[in-house]
Amino acid sequence: MTPRLPPLKSRAMAVRDIIILPDKRLRLKSEPVKAVDKPLRALVNDMFETMYAAPGIGLAAIQIGVPRRVVTMDLAKKDEPKQPQVFINPEVTWTSDETATYEEGCLSIPEYYEEVTRPKSVRVKFLDLDLKPQEIEAEGLLATCLQHEIDHTNGVLFIDHISKLKRDMVMKKFKKAAKKTVGAKPLAEDQEPSHHIG
Ligand SMILES: [Zn+2]
């Protein structure tokens, strides 16, 4: 017997499943966006919904299984108003020689954190939702997050920036977990939001 369903909510957005290691789709190189149409707007809305629900501060479309070059981000702190940002076809055009090390995590590699060294500042060009070209120079958390998410659009994960020994250990752990929990969704309760870059 199917219980009677509650009335449909009027909202159109939906939280989508986040794919996790060792899902091979995480290694796909995403396709550029050519038009901002209704499906793309729906994708962006779903990405925000999914990112906030996780919770995470950044998300690339491939993390919900869509190989398009779209990144959503919100670096606002808990007590601050939301600051949703969308980057379409983002591309790093310049990196500083100076580096910064930040403890990263990823919604697709839950509950694993490791220090990653990347350029401290980057310049990124992208399109906004009106397909207008934009360029920003970022440093700190924004620079780290942009590099992490742009990596996703190229099939690169933050564990590719750590030692092979550590990476092999993580891969082994997640392959083993995937075998044990086929079809099961990862738990979100213990996740530390501030570290889950996306
Ligand atoms: Zn990630």
Side-chain angles (χ1 to χ4, degrees), residues 2-78 80-92 105-110 124-136 138 141-142 144-158 183-189 191 193-194 196-198:
T2 311
R4 241 188 95 172
L5 293 168
L8 281 173
K9 284 181 190 164
S10 59
R11 52 192 260 201
M13 293 193 278
V15 173
R16 307 242 209 129
D17 285 340
I18 293 174
I19 60 175
I20 62 167
L21 210 65
D23 196 310
K24 288 193 169 66
R25 287 172 291 175
L26 289 169
R27 293 310 189 173
L28 288 175
K29 204 167 152 60
S30 294
E31 293 292 327
V33 169
K34 293 201 174 81
V36 174
D37 47 14
K38 220 174 159 186
L40 189 95
R41 286 180 190 277
L43 171 69
V44 169
N45 285 339
D46 283 358
M47 284 175 66
F48 275 117
E49 188 94 335
T50 306
M51 183 183 88
Y52 287 129
I57 57 175
L59 191 76
I62 190 58
Q63 291 181 275
I64 55 168
V66 181
R68 308 295 298 278
R69 305 183 82 82
V70 180
V71 165
T72 55
M73 209 176 282
D74 191 331
L75 303 184
K77 296 194 180 77
K78 258 184 188 168
E80 288 172 353
K82 281 183 179 169
Q83 291 163 22
Q85 289 179 282
V86 187
F87 303 90
I88 293 169
N89 301 345
E91 205 182 308
V92 175
C106 180
L107 293 172
S108 297
I109 312 172
V124 171
K125 66 170 187 181
F126 62 100
L127 302 174
D128 61 22
L129 274 175
D130 297 317
L131 288 181
K132 268 202 200 126
Q134 305 284 349
E135 193 165 33
I136 52 163
L141 182 60
L142 178 60
T144 294
C145 203
L146 278 167
Q147 291 176 82
H148 178 117
E149 301 306 334
I150 292 170
D151 270 358
H152 272 303
T153 68
N154 292 318
V156 176
L157 300 170
F158 86 90
K185 280 180 73 176
L187 290 173
E189 289 97 68
Q191 292 178 355
S194 62
H196 276 97
I197 286 184

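Ring geometry for Phe87 versus Phe126: interplanar angle over 60°, hence perpendicular rather than tilted (30 to 60°).
For the atom pair Cys145 SG and Leu75 CG, the distance stands at 5.0 Å (nearest 0.5 Å). Expressed to the nearest 0.5 Å, how far OG of Ser108 lies from CD1 of Ile64 amounts to 10.5 Å. Ile19 contributes atom CD1, which lies 12.0 Å from atom NZ of Lys24 (distance to the nearest 0.5 angstrom). Taking OG1 from Thr72 and CD1 from Ile88, the interatomic distance works out to 11.0 Å, rounded to the nearest 0.5 Å. Separation of atoms CD1 (Ile57) and NZ (Lys77) is listed at 10.5 Å; rounding is to 0.5 Å. Separating the CG atom in Leu107 from the CE atom in Met51 is a distance of 9.0 Å, to the nearest 0.5 Å.
Judged by a 6.0 Å distance limit and a 45° cone about the ring axis, Lys82 is positioned over the six-membered ring of Tyr52.
For the pair Phe48 and Met73, the tightest heavy-atom approach, listed with the atom from each and the gap, is CE2-O, 3.8 Å. For Pro67 against Leu28, the heavy-atom pair with the smallest separation is CB-CD1, 4.3 Å. Taking all atoms of both residues into account, the shortest heavy-atom contact from Leu146 to Ala138 is CD1-CB, 3.9 Å. Shortest non-hydrogen contact noted between Leu26 and Ile20 is CD1-C, 3.8 Å.
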Worksheet item: What do the steps show when you test Met47 against Val66 for side-chain contact (heavy atoms from CB on, under 4.5 Å), and what is the final call?
Response: CA-CA 10 Å; Met47 284 175 66; Val66 181; over 6 Å; no
Fill in: Chi angles and distances behind the side-chain contact (heavy atoms from CB on, under 4.5 Å) call for Val44, Val36
CA-CA 10 Å; Val44 169; Val36 174; over 6 Å; no
Item to complete: Step by step, work out the side-chain contact (heavy atoms from CB on, under 4.5 Å) result for Val33 and Leu127.
Response: CA-CA 9 Å; Val33 169; Leu127 302 174; over 6 Å; no
Worksheet item: What's the verdict on side-chain contact (heavy atoms from CB on, under 4.5 Å) for Asn89 and Lys125, showing C-alpha distance, side-chain angles and the deciding distance?
Response: CA-CA 8 Å; Asn89 301 345; Lys125 66 170 187 181; over 6 Å; no
Worksheet entry | Full working for side-chain hydrogen bond (donor to acceptor under 3.5 Å, both in side chains) between Arg69 and Thr153 | CA-CA 6 Å; Arg69 305 183 82 82; Thr153 68; 3.3 Å; yes
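Results of the side chain to side chain contact (heavy atoms under 4.5 Å, CB included) test with Val71 over Gln63, His152, Glu149 single out Glu149 as the only residue that passes.
For the pair Arg27/Leu157, a side-chain contact is recorded, criterion being any heavy-atom separation below 4.5 Å from C-beta on.
Of the possible polar contacts, one joining the Asp46 side chain to the Ala14 backbone as a donor-acceptor pair under 3.5 Å is found. Remark: the backbone N or O of Ala76 is paired with a side-chain donor or acceptor of Asp74 at under 3.5 angstrom. Of the possible polar contacts, none joining the Asn154 side chain to the Val156 backbone as a donor-acceptor pair under 3.5 Å is found.
Other residues, nucleotides and ligands contribute over 12 non-hydrogen atoms within 6.0 Å of the CD atom of Gln134.
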